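Please read these numbers as outputs of a predicted model, since none were measured by experiment.
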Amino acid sequence: MSALAGFLTAQLTIGGVPILVREVVGNVFGLGSAYFGMRRLVWAWPVGIAGNILLFTVFLGGVFHTPQDLDLYGQAGRQVMFLVVSVYGWWRWAQTRRAAAGGEASLSDAAVVPRWASARERMAMLAIAVGGTVVCAKIFGALGSWGPWADAWIFVGSMLATWGMAKGWTEFWLIWIAVDVVGVPLLFLGGYYPSAALYLFYAGFVTWGFVTWLRVQRRVGRRQERTAAASSSSLSSVTTTPESVFDGAR
């Protein structure tokens, strides 16, 4: 227990600014989750959950008496949301991976095949993004959250991005970029420097992840097209016409 208490209270001082060690560690877990997600590995989910638990205590600064002493209810609440969605994502990717391993097609160690969301799915995401941000901003403002509108979009956008990752939608990387655009200034102004720096790094990392998933998606699409063409060619080669039957009988 003393070791755990020591970890929870441990701080670093960088440039005269106190920084919680668990904030750094939690964000490292978050980065690991993003990396495994880019590789489409199931490990993305449990690693992310570990980081969520740590960061939940960081963003309720007024409750857990962090150096910033600020309560970002959207940031803290999204860690809880991450836990819930991550359990679903973990289950879904594990199921997909087992199904792929048992079939003829191999995805190597990948647990999901990237695809674009449908038009209907995109419209649903847009409605949730707008409506959810408005509602959450009102709630976070009433709770006394610091920066409620930015905090609300970060919460809603993170929920959509995590859900999109679980579903295998390539767009989820673009949603993360939109979250980072708002998150970096908010966290810097709030004094959450490790988290702000990691958000800034994420912006480049998720761009890389988007390009990686897009390449995989196109490669899978080309392979499916070749398979369909080969199947069509095979069927046409064994199909006989009435003329060919008569020719064989002569």
Review point. Quick one: CG on Leu55 to CG on Asn27, what's the gap to the nearest 0.5 Å?
Key: 5.0 Å
Exercise for review: State yes or no: do Leu143 and Val134 share one hydrophobic cluster built from I, L, V, M, F, W and Y residues joined by side-chain heavy-atom distances below 4.5 Å, directly or via other members?
Suggested key: no
**Study point:** Inter-residue atom distance Thr162.OG1 - Ile175.CD1, 0.5 Å rounding
**Key:** 9.5 Å
Exercise for review: Taking all heavy atoms of Val42 and all of Pro46, pick out the closest pair and write down the distance.
Suggested key: O-CD, 3.2 Å
Practice item. Determine, step by step, whether Val130 and Val156 satisfy the side chain to side chain contact (heavy atoms under 4.5 Å, CB included) criterion, reporting the C-alpha distance in whole Å, the side-chain angles of both residues, the deciding distance to 0.1 Å, and the verdict. Key: CA-CA 9 Å; Val130 175; Val156 175; over 6 Å; no
Review point. With hydrophobic residues grouped by side-chain heavy-atom distances under 4.5 Å, do Val87 and Val84 end up in a single group?
Key: no
Revision key, fill the gap. Correct closest heavy-atom pair for Thr170 and Leu214 would be CG2-N, 4.3 Å
Revision key, fill the gap. d(Arg219 CZ, Arg222 CZ) to nearest 0.5 Å is 7.5 Å
**Study point:** Step-by-step side chain to side chain contact (heavy atoms under 4.5 Å, CB included) determination, Ser158 to Trp176
**Key:** CA-CA 7 Å; Ser158 298; Trp176 274 129; 3.5 Å; yes
Study note, to complete from the structure: Residues Ile128 and Met159: closest non-hydrogen pair is CG2-CE, 3.7 Å
Exercise for review: Could you go through the side chain to side chain donor-acceptor pair (under 3.5 Å) check for Gln95 and Arg92 one step at a time?
Suggested key: CA-CA 5 Å; Gln95 289 287 97; Arg92 182 179 175 88; over 6 Å; no
Check your understanding: Can you list every side-chain hydrogen bond (donor to acceptor under 3.5 Å, both in side chains) pair that touches residues 44-54, not counting sequence neighbours?
Key -> Asn52-Gln79
Review point. Which value, rounded to the nearest 0.5 Å, describes the distance between Trp149 atom CH2 and Ile154 atom CD1?
Key: 14.0 Å
Exercise for review: State the CH2-CD distance between Trp163 and Glu121, to the nearest 0.5 angstrom.
Suggested key: 10.5 Å
Review point. At what distance, to the nearest 0.5 angstrom, does CG of Leu174 lie from CG of Leu160?
Key: 12.5 Å
Review point. Taking everything shown except Tyr35 itself, do over 12 heavy atoms lie less than 6.0 Å from its OH?
Key: no
Practice item. Flag yes if Trp91 and Leu83 sit in one hydrophobic cluster, no otherwise; membership is Ile, Leu, Val, Met, Phe, Trp, Tyr, and two members link when side-chain heavy atoms are under 4.5 Å apart. Key: yes
Exercise for review: Would you check, one step at a time, whether the test side chain to side chain contact (heavy atoms under 4.5 Å, CB included) holds for Trp116 with Arg122?
Suggested key: CA-CA 9 Å; Trp116 292 117; Arg122 289 179 179 177; 3.7 Å; yes
Review point. Any side-chain heavy atom of Phe172 within less than 4.5 Å of one from Met125?
Key: no
Practice item. Assess whether side chain to side chain contact (heavy atoms under 4.5 Å, CB included) is satisfied between Ile177 and Phe210, documenting all intermediate values. Key: CA-CA 10 Å; Ile177 293 175; Phe210 172 69; 5.6 Å; no
Check your understanding: Any idea which heavy atoms bring Leu187 and Ala196 closest together, and the distance?
Key -> CB-CB, 3.6 Å
Practice item. Quick one: list whatever passes ring pair (Phe, Tyr, Trp, His ring centres under 6.0 Å) with Trp208, sequence neighbours left out. Key: Phe205
Review point. Which heavy atom of Phe201 sits nearest a heavy atom of Leu31, and at what distance?
Key: CE2-CD1, 3.5 Å
Check your understanding: Quick one: do Val80 and Met165 end up in the same hydrophobic cluster if we chain Ile, Leu, Val, Met, Phe, Trp and Tyr together by side-chain heavy atoms under 4.5 Å apart?
Key -> yes
Point to revise | Nearest heavy-atom neighbours spanning Ala34 and Trp173 | key: O-CH2, 3.9 Å
Check your understanding: Is any side-chain heavy atom of Trp153 less than 4.5 Å from a side-chain heavy atom of Val179?
Key -> yes
